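The structure appears right after this line, and notes come after that.
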Amino acid sequence: MAGNWGLIDLKTPTEAYTMPAWEDGTAELQLIFSDEFEVDGRSFYPGDDPYWEAVDLHYWATNNLEWYDPAAVTTANGSLVITLSEQQTHNLSYQGGLISSWNKFCFTGGYIETSVQLPGPNNVVGLWPAVWTMGNLGRAGYGASLEGMWPYTYDACDVGTAPNQTIGGLPSAAVTEGDPYNDNHLSYLPGQRLSRCTCKGDSHPGPIHNDGSYVGRGAPEIDVFEALVNADTLTGQVSQSCQWAVSMVRYLLDAQ
């Protein structure tokens, strides 16, 4: 990747530098970052790449059967290549890969475009490829960084920041209008760690509102896509989703 360290990959065609904005056809979106992965043999071990880093850990939060290892990630034939292999490693039977731009490249909004070839035949279950984003205050695979952070995106000082969105079992909607598979509770989250309710002098990295209260912060998640093969029908499925807290009644955005 020598000589190609800028935010926009030298191999990106110039016609991709702008595109019509989605909300206003008269405005333009400007490209701020691209990576074509054209250089073969790139390494994503810590410190080897300016924008991406492959993790070396077990993604225990979703009960993964594989160990994520930087050795499973490289580039070949103009593509990023992540290889899942059956091998004994760290007391697990599979090795896979995950790269992220955490603390390397962050953005506050915009449009993401990616070209992905999904792995494996479409009748084999167990794979869960994804392209997704998360607020930089949390780090994927590092559970302590996500405790009380994921998937909060809330800037109010009220019961929504409390554990399970309740205080003394109230409001009643928080324990009756939620997940039917989990006692109808809206939330089992531990409470927002960086809440607007944070008292002066308590731990909070800021920033601060004009009234002196802290800005409520967290690490929401937006999934560009997640894919799997349905075990019952043996057909492929792809979803796009967002995870954020606090949760509305029945998880409806317009619920009152």
Side-chain angles (χ1 to χ4, degrees), residues 9 12 16 19 22 33-38 40 42 44 49 51-87 89-90 92-102 104-107 109-136 138-143 146 150-151 153 179 181-182 219-245 247 251 253:
D9 194 314
T12 299
M19 64 177 296
W22 290 99
F33 176 78
S34 65
D35 196 333
E36 307 294 340
F37 300 108
E38 288 285 347
D40 287 353
R42 282 169 60 181
F44 299 96
D49 195 89
Y51 302 118
W52 305 105
E53 183 172 311
V55 299
D56 189 7
L57 53 78
H58 177 228
Y59 208 92
W60 54 267
T62 47
N63 297 315
N64 286 28
L65 299 178
E66 78 276 19
W67 181 273
Y68 284 145
D69 195 301
V73 186
T74 188
T75 52
N77 301 317
S79 297
L80 173 72
V81 179
I82 301 177
T83 301
L84 177 68
S85 58
E86 184 175 0
Q87 58 177 285
T89 176
H90 298 82
L92 296 169
S93 298
Y94 299 93
Q95 177 180 280
L98 179 155
I99 65 168
S100 81
S101 64
W102 180 83
K104 293 176 178 288
F105 171 74
C106 304
F107 59 95
Y111 175 72
I112 299 174
E113 184 174 288
T114 181
S115 175
V116 180
Q117 180 176 334
L118 299 180
N122 62 1
N123 61 351
V124 174
V125 302
L127 303 180
W128 194 11
V131 174
W132 55 290
T133 66
M134 185 170 66
N136 196 61
R139 188 178 183 186
Y142 291 78
L146 303 174
W150 176 92
T153 173
D179 185 353
Y181 300 102
N182 286 286
E221 177 180 337
I222 301 176
D223 298 326
V224 178
F225 77 81
E226 296 178 293
L228 55 77
V229 173
N230 186 297
D232 295 324
T233 63
L234 294 182
T235 55
Q237 297 178 345
V238 176
S239 67
Q240 292 182 302
S241 63
C242 303
Q243 286 106 62
W244 51 59
S247 299
Y251 308 112
L253 290 177

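As the structure is a computational prediction, the values presented were derived from the model and not from experiment. Scope of the values below: all heavy atoms of this structure, side chains included, with no hydrogens, waters or symmetry mates.
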Legend entry - Side-chain touch Val125/Leu228, heavy atoms, less than 4.5 angstrom: no
Inset, instruction - Verify whether one side chain among Asn63 and Tyr59 offers a donor that lies under 3.5 Å from an acceptor in the other. - result: no
Legend entry - Shortest non-hydrogen separation from Ile82 to Gly97 and the atoms involved: CG2-O, 3.5 Å
Inset, instruction - Could you tell me whether a side-chain N or O of Thr75 sits under 3.5 Å from a main-chain N or O of Arg42, the two making a donor and an acceptor? - result: yes
Legend entry - Glu221-Trp150 side chain donor-acceptor pair, cut-off 3.5 Å: yes
Legend entry - Heavy-atom donor-acceptor pair, Tyr251 side chain to Asp179 backbone, under 3.5 Å: yes
Legend entry - Thr12 side chain to Glu36 side chain, donor-acceptor N/O pair below 3.5 angstrom: yes
Legend entry - Expected output: side-chain Asn230 to main-chain Thr233 donor-acceptor under 3.5 Å: yes
Inset, instruction - Would you sort out whether Glu38 and Asp9 count as a side-chain contact (heavy atoms from CB on, under 4.5 Å), showing the intermediate values? - result: CA-CA 9 Å; Glu38 288 285 347; Asp9 194 314; 5.5 Å; no
Inset, instruction - Using distance alone, with no hydrogens and no angle criterion, decide if Ser85 and Gln87 have a side-chain donor and acceptor under 3.5 Å apart. - result: yes
Legend entry - Nearest heavy atoms of Gln95 and Ala72, plus distance in Å: NE2-CB, 4.0 Å
Legend entry - Distance-only polar pair, side chains of Gln237 and Ser239, donor-acceptor under 3.5 Å: no
Legend entry - Side chain to side chain, Phe44 and Leu80, heavy atoms closer than 4.5 Å: yes
Inset, instruction - Name all residues meeting the side-chain hydrogen bond (donor to acceptor under 3.5 Å, both in side chains) criterion together with Asn123; count only those two or more places apart in sequence or in a different chain, and write none if there are none. - result: none
Inset, instruction - Specify the closest pair of heavy atoms between Ala219 and Gly135, including all atoms of both residues, with the distance to one decimal. - result: CB-O, 3.6 Å
Inset, instruction - First locate atom OH of Tyr68, then atom CG of Leu92, and finally report the distance between them rounded to the nearest 0.5 Å. - result: 11.5 Å
Legend entry - Lys104 vs Asp49, side-chain contact (heavy atoms from CB on, under 4.5 Å): CA-CA, chis, key distance, verdict: CA-CA 9 Å; Lys104 293 176 178 288; Asp49 195 89; over 6 Å; no
Legend entry - Thr133 (side chain) donor-acceptor with Ile222 (main chain) under 3.5 angstrom: yes
Legend entry - Test ring-ring contact (aromatic ring centres under 6.0 Å, His included) applied to Trp60 - qualifying residues, sequence neighbours left out: none
Inset, instruction - For the pair His58 and Trp67, name the ring-plane relationship: parallel under 30°, tilted 30 to 60°, perpendicular over 60°. - result: parallel
Inset, instruction - Show your working on side chain to side chain donor-acceptor pair (under 3.5 Å) between Asp223 and Ser241 and close with a plain yes or no. - result: CA-CA 5 Å; Asp223 298 326; Ser241 63; 2.9 Å; yes
Inset, instruction - Measure the CZ-OG distance between Arg139 and Ser100 for me, rounded to the nearest 0.5 Å. - result: 6.0 Å
Inset, instruction - Indicate yes or no: at least one non-hydrogen side-chain atom of Val229 is less than 4.5 angstrom from one of Val124. - result: no
Legend entry - Donor-acceptor under 3.5 Å (Asp40 side chain, Asn77 main chain): yes
Inset, instruction - With sequence neighbours excluded, tell me which residues meet side-chain hydrogen bond (donor to acceptor under 3.5 Å, both in side chains) with Trp52. - result: Asp35
Legend entry - Any Thr62 side-chain heavy atom under 4.5 Å of Trp128 side chain: yes
Inset, instruction - State the NE2-CG distance between His90 and Leu57, to the nearest 0.5 angstrom. - result: 9.5 Å
Legend entry - Val116 and Val131, any side-chain heavy atoms less than 4.5 Å apart: yes
Inset, instruction - Quick one: list whatever passes ring-ring contact (aromatic ring centres under 6.0 Å, His included) with Tyr142, sequence neighbours left out. - result: none
Inset, instruction - Just do the side-chain contact (heavy atoms from CB on, under 4.5 Å) check on Val224 and Trp132 with the steps written out, would you? - result: CA-CA 5 Å; Val224 178; Trp132 55 290; 5.9 Å; no
Inset, instruction - Kindly say whether the aromatic ring centers of Phe33 and Phe105 come within a distance under 6.0 Å. - result: yes
Inset, instruction - Could you pull out all residues at least two apart from Thr83 that satisfy side-chain hydrogen bond (donor to acceptor under 3.5 Å, both in side chains)? - result: none
Inset, instruction - Output the distance between atom OG1 (Thr153) and atom CH2 (Trp244), rounded to the nearest 0.5 Å. - result: 8.5 Å
Inset, instruction - For Ser101 and Tyr51, indicate whether the former's side chain and the latter's backbone hold a donor-acceptor pair under 3.5 Å. - result: no
Inset, instruction - Go through the structure and list residues passing ring-ring contact (aromatic ring centres under 6.0 Å, His included) with Tyr111, not counting sequence neighbours. - result: Trp22
